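Given the structure is predicted, the values throughout are model-derived calculations rather than measurements. Hydrogens, waters and symmetry mates are skipped; everything else that's a heavy atom, side chains included, is used. So you know, we letter chains A, B, ... as the sequences are listed, proteins then strands, and number each from 1.
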Protein chains: 2
Amino acid sequence: MAKVYTIHDIAIRLNISKSTVSRALRNHPDVSKDTKAAVFEMAEKLNYQKNILASNLASKSTNLIGVVIPEIARQHFFAQALSGIQKVAKEKGYIVMVCQSNEELQEEINQVRALVNSRVAGLLISLSKETDTFGHLQEALDRDIPVVLFDRGTDQIEVSQVTVDDYKGAFDITNHLIHEGYDNLAHLSGPMSLSISQKRYQGFIDALKSSGKNTAEAIVYQCDNLSLDACEAVDRLLSQKKKPDAVFCMSDYMAIQVIKHLKDRGIKIPEDMAVAGFAGDPITELMDPQISTVEQPAYDIGVQAAKRLIMEAESDDRETLGFINRVLPTAIIPRSSTVKKHSN
Amino acid sequence: MAKVYTIHDIAIRLNISKSTVSRALRNHPDVSKDTKAAVFEMAEKLNYQKNILASNLASKSTNLIGVVIPEIARQHFFAQALSGIQKVAKEKGYIVMVCQSNEELQEEINQVRALVNSRVAGLLISLSKETDTFGHLQEALDRDIPVVLFDRGTDQIEVSQVTVDDYKGAFDITNHLIHEGYDNLAHLSGPMSLSISQKRYQGFIDALKSSGKNTAEAIVYQCDNLSLDACEAVDRLLSQKKKPDAVFCMSDYMAIQVIKHLKDRGIKIPEDMAVAGFAGDPITELMDPQISTVEQPAYDIGVQAAKRLIMEAESDDRETLGFINRVLPTAIIPRSSTVKKHSN
DNA sequence: GTGAAAGCGCTAACAC
DNA sequence: GTGTTAGCGCTTTCAC
């Protein structure tokens, strides 16, 4: 096994003290140029690698960022956001630890605790659909570990948040459906525990209202399981006395499944029923028909959340730094799942 | 900020020594029942959380597992494998750090170095498509950090590997195409730097041979960029003098794109051209037509790789433990993208 | 600019 | 069983 060198080894060889080596390595201003040069050279020569554990223990701070997301699979959004987070983290010298809550509160709590225990410098979290209590986040905050929520936030706890304009996205896509001439709209919502479900629902409702539609008649079916209730939902839509002619799904994945089940039943899209999703997953463009969706700046959410987190983590006066609540814009992408041929 | 208690605090309050507290907390056999009980109670009361940094530094070992994968997004396979890894890690008390190489060797090297520097207990790696040098893995091994390769392996370096039977999967799906009556088969391969590309290619070729086909005529087009060359590939397939009637794509994502482009050109699937993928991504079942694919035990790969890694990490005689080369089975899933209606 | 010394919070001999 | 003593490899006062 290869010998692992320490600052001590460098110090001995250079006949200087450990502290000077330590300072030189960190580019501390009051180490002479020559000393630094010598230290770096020797470090290179020995292939010295700083022991981050020791460094962190001594400095009582780490270069770790903990990320907790509901799930990596199935949701391109999180993968994208993660890329943004990792880009920023890398730039600023942080390492990212990613955990999945699997949409379970208990898992989220466990992961946050484990991360806090690993003395992460900060926490980036997208809440699970079960999360309705925030003690675990408070624990982190009490330990002086900043928390930034991204995409799925809450107003139940005061932390910085970076989300997208779910409300406007839903409002706009619903409006798009109305303007395309669809008359009897349905919405497949997500669990109402999620802020994003609420906002998308509200956007849908308000768009109906603003067009003078009777919202009482609007068909809304709540899919608590974000990926598995589509079949049942389709059955319900089709069994309505006044069948909807368009359905806005709260996620792309839901839309994909809905389309499959509709097609299986011989229903033409968008002629018999239009279907729209939400998220801007690239797969929507590859489907047949291509699916109208609401694009989110996923990568950018990650970037901004990470930047903010690191700012808070490195600030020595978090009090006056305060919290931010950044809401990034969404944009609708109308495609053939909602736009009838020859209709334009 | 909430006070963070240490074993020292517990020791003082209980009037015993730090070491006893440390031992009790780790459930060391030779601490009396009563002492343990008292320690646990006090730990609970103070909401004591072990400082993992200090623990790891002192014990010269960590509870961290580093994972490096090409990309999380776009490939359900990795997300699934990751879940398997995380399940095992959790059971055994490890924390998982996930990094993406973005299919770039340099990034892979950087991530491995960073992970080694964080003193991970072991490394789980799925090689990037650029990886043709293995010094970074050797560095880890030299530091006594075990490495287990999963899915994308190599025979260039001696480490344990958990892969799937890519060869047989490709062989079987090609055979399936032949038995369905397709006569002129094409293969869209991945970059030949990847072991999986090679094996899938070889399986394809050998299946042709075993059916007495002329492999010299077989159309093989190599897509180095795993997700972007599909359009070009389709053009090339269609411009062949003897147009292929079936194409086996080395990945599901490739198949999805190929299907889209074929449809855009008015080609019927599978009547005019059959298309098969590889990976068993759940999305293949939701597409229209449903895509024939080769299922991989993604979750299980993660589980087995993680189990083996932890075994190696915890072994005190790695020499005699040796290496394993586990190859998990694949299974073809014939669907309508290759099975003509009324043909059965 | 550099060094000495103390200590981060824990583990691990070794003694009793 | 339990305590004592040394560290793990680094950072950080505080002198000089």
- Message: Quick check on C:dT2: is either OP1 or OP2 less than 4.0 Å from any side-chain nitrogen or oxygen of A:S32?
- Response: yes

- Using a strict cut-off of less than 4.0 Å between a Lys/Arg side-chain nitrogen and an Asp/Glu carboxylate oxygen, indicate whether A:E41 and A:K45 qualify as a salt bridge. no

- Between B:T35 and B:L57, which has a closest nucleotide on DNA chain D that is more 5'? B:T35

- Message: Do A:E312 and A:S160 pair up side chain to side chain, a donor and an acceptor below 3.5 Å, judged on atom types alone?
- Response: yes

- Does a nitrogen or oxygen in the side chain of A:T20 sit under 4.0 Å from OP1 or OP2 of C:dT2? no

- Query: Is A:I16 touching bases, backbone alone, or none of the nucleic acid, heavy atoms closer than 4.0 Å?
  - Reply: sugar-phosphate

- Query: Using a cut-off of less than 4.0 Å, is there contact between a side-chain N or O of A:Y48 and OP1 or OP2 of D:dC10?
  - Reply: yes

- Note on the structure: Note: B:L25 and B:A43 closest approach over all heavy atoms is CD1-CB, 4.4 Å

- Gap between atoms NZ and P, on B:K60 and C:dT11 respectively (whole Å): 15 Å

- Heavy-atom donor-acceptor pair, B:T131 side chain to B:L105 backbone, under 3.5 Å: no

- Measure from NZ on A:K3 to C1' on D:dG9 and round the result to the nearest Å. 11 Å

- Note on the structure: Between B:K18 and A:S59, whichever has its closest DNA chain D nucleotide further toward 5' is B:K18

- Query: To the side chain of A:N51, which of D:dG3, D:dG9, C:dT2 is closest?
  - Reply: D:dG9

- Query: Would B:K36 and B:N27 count as having a side-chain donor-acceptor pair, cut-off 3.5 Å?
  - Reply: yes

- With B:S59, which residues qualify under side-chain contact (heavy atoms from CB on, under 4.5 Å), at least two apart? B:S61

- Message: As an exercise, state the distance from NZ of B:K129 to OG of B:S193, rounded to the nearest 0.5 Å.
- Response: 7.5 Å

- Note on the structure: Which of D:dT11, C:dG3, C:dC10 is nearest the side chain of A:S17? It is C:dG3

- Query: CZ of A:R23 versus P of D:dT13: gap in Å, rounded?
  - Reply: 11 Å

- Message: Taking the minimum atom-to-atom distance to the side chain of B:K50, which one of D:dG1, C:dT11, D:dC10 wins?
- Response: C:dT11

- Using a cut-off of less than 4.0 Å, is there contact between a side-chain N or O of A:R26 and OP1 or OP2 of D:dT11? yes

- Query: Is A:S22 near enough to D:dT11 that one of its side-chain N or O atoms lies under 4.0 angstrom from OP1 or OP2?
  - Reply: yes

- Is there a donor and acceptor pair closer than 3.5 Å between the side chain of B:S19 and the base of D:dT4? yes

- Message: Taking the axis from the first five pairs and the axis from the last five, what angle separates them in the helix from C:dG1-D:dC16 to C:dC16-D:dG1, rounded to 10 degrees?
- Response: 30°

- Item | Side-chain donor/acceptor contact of B:R119 with base of D:dG9 under 3.5 Å | no

- Message: Distance check needed: C:dC14 P versus B:H28 NE2, whole Å only.
- Response: 14 Å

- Query: For B:L14 and D:dT2, what is the distance between atoms CG and P respectively, to the nearest whole Å?
  - Reply: 11 Å

- Whole-Å gap separating P (C:dT11) and CD1 (B:I7): 6 Å

- Query: Within this structure, what is the CG-to-P distance between A:L25 and D:dT12, rounded to whole angstrom?
  - Reply: 13 Å

- Query: Tell me: CD1 of A:I10 to P of C:dT2, nearest whole Å?
  - Reply: 15 Å

- Task: Test the A:K3-A:Y5 pair against the cation-pi criterion, namely NZ or CZ under 6.0 angstrom from the six-membered ring centroid and within 45° of the ring axis.
- Result: yes

- Task: Remember a base hit wins even if backbone is also touched, and classify B:L53 as base, sugar-phosphate or nothing at under 4.0 Å, heavy atoms.
- Result: nothing

